[in-house]
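Since the structure comes first, as structure tokens, the remarks are kept for the end.
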Number of protein chains: 2
Amino acid sequence: MQPTPAQLAALDAADPLAHARGRFRLPEGLVYLDGNSLGPLPAALPDALAATVAGEWGDGLIRSWNDAGWIDLPVQLGAAIAPIVGAEPDSVVACDSVSLNLFKLASAALGLRPGRRTILMEADDFPTDAYVMQGLARLAGVTLKRVPRADLLAALNDDVALLLLTHAHYVTGHVHDMAAMNAAAHAVGALTLWDLSHSAGALVVRLDADGADFAVGCGYKYLNGGPGAPAFAYLARRHWDAALPALTGWMGHAAPFDFAGDYAPAAGARRLLTGTPPILAMRALEAGVATFAGIDLAQAEAKSRALVHLFADGAAGLPGVTVDAPPAGRHAAHVIIRHPQARRVMAALIARGVVGDMRPPDAMRFGFPALTTRYADVGLALAALQAVLASGEWQDERFAPRGMVS
Amino acid sequence: MQPTPAQLAALDAADPLAHARGRFRLPEGLVYLDGNSLGPLPAALPDALAATVAGEWGDGLIRSWNDAGWIDLPVQLGAAIAPIVGAEPDSVVACDSVSLNLFKLASAALGLRPGRRTILMEADDFPTDAYVMQGLARLAGVTLKRVPRADLLAALNDDVALLLLTHAHYVTGHVHDMAAMNAAAHAVGALTLWDLSHSAGALVVRLDADGADFAVGCGYKYLNGGPGAPAFAYLARRHWDAALPALTGWMGHAAPFDFAGDYAPAAGARRLLTGTPPILAMRALEAGVATFAGIDLAQAEAKSRALVHLFADGAAGLPGVTVDAPPAGRHAAHVIIRHPQARRVMAALIARGVVGDMRPPDAMRFGFPALTTRYADVGLALAALQAVLASGEWQDERFAPRGMVS
């Protein structure tokens with residue numbers, strides 16, 4: 001059942017988050033449903049970044065580490081991200097990538113649970129999570145165990161040092177009950193590490209209240225921090241003193257500018273820092289995080305859920321595609337529509353100005369971030385999808401696969 | 001002995017690299033002698049970065065991973081850096097930080113030398129190198145051995161998996177004979193990892209010809225890539241197939257967009273990539289590396305050496321300071337001048353428009369990058385130093401220590 005333009009217009013008119021779209025520069029006429037992969041450009045960034053480049057770097061030069069506050073950006077940005085994921089400010093820092101932050105926190109978990117030899121994670125999670133754990137397991141001489149979601153609880157035992165979970169799955173959209181999984185892990189003495197890449201900025205997350213031990217998340221998706229933006233890392237207060245990551249760089253030292261010979265961890269989450277922070281990227285992430293000022297994440301999650309359902313329901317009747325029904329209850333802010341030639345159909349859609357992405361072999365993924373997506377976009381996207389499928393234009397040579405990124 | 005303005009003007013007039021200064025935006029009237037810590041702003045960057053932000057991110061959005069070539073930037077930038085460090089193009093990638101790249105390559109070395117349990121490095125090298133190795137040694141269960149420079153050769157034995165050396169020392173300016181140290185390490189079956197942070201872009205480096213196994217280097221110093229710029233990593237061709245870092249992220253996978261369940265390393269140095277590349281920072285590094293177009297590094301090294309000697313000779317006669325004599329033969333492009341109140345003296349110098357930095361407890365460091373430093377700057381810096389010392393103005397309250405970064 002496809003919604004009518006009038007229905008969608010009424011929903012947009014009543015949307016309490018409609019104003020947030022004005023915080024971004026979006027190309028005229030484009031229906032952008034891939035903010036789950038790369039958030040759009042915050043309108044405030046071009047001027048802010050130009051000032052950082054010309055003023056702070058060009059004129060201030062080395063003095064800007066103090067004078068422009070560069071040295072504090074990882075901690076300051078962590079504090080700005082903290083409320084978005086339900087954490088206290090000093091528990092979060094912005095740094096490096098999701099992959100590297102996973103390694104840091106998982107290695108810290110092994111140190112906190114000596115004698116335990118297993119890292120447990122869900123099979124079919126986002127690949128980099130598995131790759132990072134494979135590398136860590138090989139180096140540390142522990143076992144990585146990957147099991148289907150249904151078998152996770154049964155696999156928890158007293159050899160498990162760490163349970164690594166993705167809060168919202170990058171394909172299925174399934175959302176774990178964070179409090180329940182933390183409790184189950186803690187019941188056998190295991191620690192938990194949450195990947196919030198598809199949650200932070202899209203869903204309500206309550207790391208502190210739900211008892212998480214560690215978490216990481218992405219800066220370039222829902223947080224709108226720009227391509228390859230720094231990620232973030234969370235360390236629960238109860239681990240501030242004892243957690244020691246294996247990646248111990250100078251910016252995580254208690255006194256980096258003493259140039260001491262031996263590593264001594266900084267207080268709290270600051271010990272998760274490693275190398276010199278990338279200032280231009282930090283400024284972009286700062287502008288991205290600022291787009292969440294005053295946003296009620298419960299409203300955002302509810303809006304994205306409504307958009308996902310409208311789109312999924314509308315697509316269900318289209319010829320040649322199958323829609324993955326959004327999981328009952330909470331789910332991610334994206335939805336999967338399958339077609340045997342997903343890559344070509346998506347290319348044809350993009351040519352019509354509707355941008356999503358695809359995941360092999362047959363999944364087209366459409367994301368509905370609450371800050372930038374209008375209800376009207378659902379109608380435009382459904383109309384374009386219908387046109388692409390009805391015309392068969394995706395079979396055209398110009399939509400043959402090309403390029404590395406899908 | 002202080003050079004006369006006329007002597008310095010003649011040297012500038014005859015300088016074959018004088019034109020390179022026009023490739024940067026330097027603040028009017030500032031004598032910037034800290035390019036060894038943060039290189040100045042390339043003149044081409046503000047426009048290039050604005051185009052990346054507005055055009056590639058703002059308009060192109062997710063499509064720019066292919067259309068703007070974002071996905072290839074780490075490899076492409078590596079290829080651009082390669083000739084600066086004497087490497088073939090596919091042996092170098094730009095990514096992450098020096099700290100993280102050290103961990104990757106050292107962990108790969110342990111895998112290539114199973115059974116060997118020692119990482120050997122020089123005592124008093126830049127702290128992050130030691131911190132990273134301490135973290136790796138703890139996780140992998142190997143021993144980190146740190147010995148003075150004079151004892152390095154004696155400490156090489158058949159338990160050493162890796163010899164980690166800094167090519168040009170960040171304080172003393174000592175430069176190792178890379179070919180000789182590689183040969184000595186290889187004679188006992190050990191591998192070598194070179195930190196080029198104070199060499200790349202300042203000195204002639206010949207990684208391939210001198211037989212290095214691994215190397216890392218900094219993007220934000222002599223390469224002018226901006227504050228916290230991505231670093232680079234080098235993997236000699238003979239290790240392309242067998243070297244496997246413990247940090248195994250999705251961008252180092254043979255086929256990242258297949259989303260395969262198990263890690264499989266990409267060919268060559270690409271396997272050293274981990275998370276999604278930070279595009280804004282990559283564009284800045286690209287502009288920084290481009291400032292080396294057509295530069296003869298032998299000329300650059302010779303010019304920096306001449307500048308260092310002029311400055312050191314001129315400072316030797318000033319009251320209250322002692323000059324660390326530049327090492328005989330090759331040395332880094334900076335020099336150390338000591339004063340018991342180095343931090344205050346440097347602050348007073350900066351107030352007079354001469355910018356260097358300091359390293360505890362008593363070292364003022366002055367860097368002389370060949371692309372941006374004029375011979376005339378030596379005279380201006382010496383005059384300012386003389387004035388600060390003669391007046392005793394550094395004792396003024398406004399030059400008391402403040403801020404975190406020194």
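Because the structure is a prediction, the values reported are computed rather than measured. In what follows, chains carry the letters A, B, and so on, assigned in the order in which the sequence lines appear, proteins first and then strands, with residues in each chain numbered from 1.
- The side-chain heavy atoms of B/Arg283 and B/Leu280, taken from C-beta on, include no pair separated by under 4.5 Å.
- Chosen from B/Gly35, B/Gly60, B/Ala246, B/Ala123, the residue pairing most often with chain A at heavy-atom distances under 4.5 Å is B/Ala246.
- Neither the backbone nor the side chain of A/Phe24 comes within contact range of chain B; no heavy atoms are under 4.5 Å apart.
- A/Tyr32 and A/Thr372 form no side-chain donor-acceptor contact under 3.5 Å, judged by distance and modelled atom types alone.
- B/Ala363 and B/Ala342 make their closest contact through N-CB, 3.9 Å (heavy atoms, listed as atom of the first residue, atom of the second, distance).
- In this structure, A/Asp262 pairs ionically with B/Arg146, as a charged nitrogen and a carboxylate oxygen lie closer than 4.0 Å.
- The only option from B/Trp70, B/Trp57, B/Phe257 that meets the ring-ring contact (aromatic ring centres under 6.0 Å, His included) definition with B/Trp65 turns out to be B/Trp70.
- Contacts between A/Pro277 and chain B at a heavy-atom distance below 4.5 Å involve the backbone alone (N, CA, C, O).
- The choice from A/Asp67, A/Leu102, A/Thr274 that makes the most heavy-atom pairs within less than 4.5 Å of chain B is A/Thr274.
- Most heavy-atom pairs under 4.5 Å with chain A: of the set B/Thr128, B/Leu30, B/Asp125, B/Asp34, this distinction falls to B/Thr128.
- Note: B/Gly226 leads B/Gly226, B/Ala130, B/Pro46 in heavy-atom pairs under 4.5 Å with chain A.
- Between the A/Arg271 side chain and the A/Ala243 main chain, a donor and an acceptor come within less than 3.5 Å of each other.
- The choice from A/Gln134, A/Arg25, A/Met282 that makes the most heavy-atom pairs within less than 4.5 Å of chain B is A/Gln134.
- Heavy atoms of A/Ala260 lying under 4.5 Å from chain B belong to its backbone as well as its side chain.
- If you measure heavy-atom distances from A/Asp96 to chain B, the contacts under 4.5 Å come from the side chain alone.
- Between B/Pro245 and B/Leu105 there is no side-chain heavy-atom pair separated by less than 4.5 Å.
- When each of B/Asp59, B/Leu247, B/Thr52 is scored by its heavy-atom pairs under 4.5 Å with chain A, the top score falls to B/Leu247.
- For the atom pair CG of B/Leu244 and CG of A/Leu139, the computed distance is 10.5 Å after rounding to the nearest 0.5 Å.
- Rounded to the nearest 0.5 Å, atoms CE (A/Met251) and CG (A/Leu272) are 15.0 Å apart.
- Options B/Arg138, B/Glu28, B/Arg63 differ in how many heavy-atom pairs under 4.5 Å they form with chain A, and the most are formed by B/Arg138.
- For chain B, no part of A/Ala50 is nearby; none of its heavy atoms comes within less than 4.5 Å.
- Heavy-atom distances place both the backbone and the side chain of A/Thr276 under 4.5 Å from chain B.
- With a threshold of 4.5 angstrom between heavy atoms, A/Leu100 approaches chain B through side-chain atoms but not through N, CA, C or O.
- Ring orientation note: the planes of B/Trp250 and B/Phe259 are tilted relative to one another, at an angle of 30° to 60°.
- For chain B, no part of A/Pro361 is nearby; none of its heavy atoms comes within less than 4.5 Å.
- In this structure, B/Arg365 and B/Val171 have side chains that are not in contact, with every pair of non-hydrogen atoms separated by 4.5 Å or more.
- In terms of non-hydrogen atom pairs under 4.5 Å with chain B, the most contact-rich of A/Pro27, A/Ser99, A/Pro278, A/Pro227 is A/Pro227.
- Smallest separation of non-hydrogen atoms from B/Lys221 and B/Ser37: CG-O, 3.8 Å.
- In this structure, chain A has heavy atoms under 4.5 Å from both the backbone and the side chain of B/Val132.
- If you measure heavy-atom distances from A/Val53 to chain B, the contacts under 4.5 Å come from both the backbone and the side chain.
- In B/Asp362, the CG atom is crowded: over 12 heavy atoms of neighbouring residues, nucleotides or ligands sit closer than 6.0 Å.
- For chain A, the nearby parts of B/Leu136 are the backbone and the side chain; heavy atoms of each come within less than 4.5 Å.
- Of the listed residues A/Cys218, A/Gly261, A/Pro230, A/Gly141, the one with more heavy-atom pairs under 4.5 angstrom with chain B than any other is A/Gly261.
- Your options are A/Ala281, A/Ser97, A/Gly58, and the one with the most heavy-atom pairs under 4.5 Å with chain B is A/Gly58.
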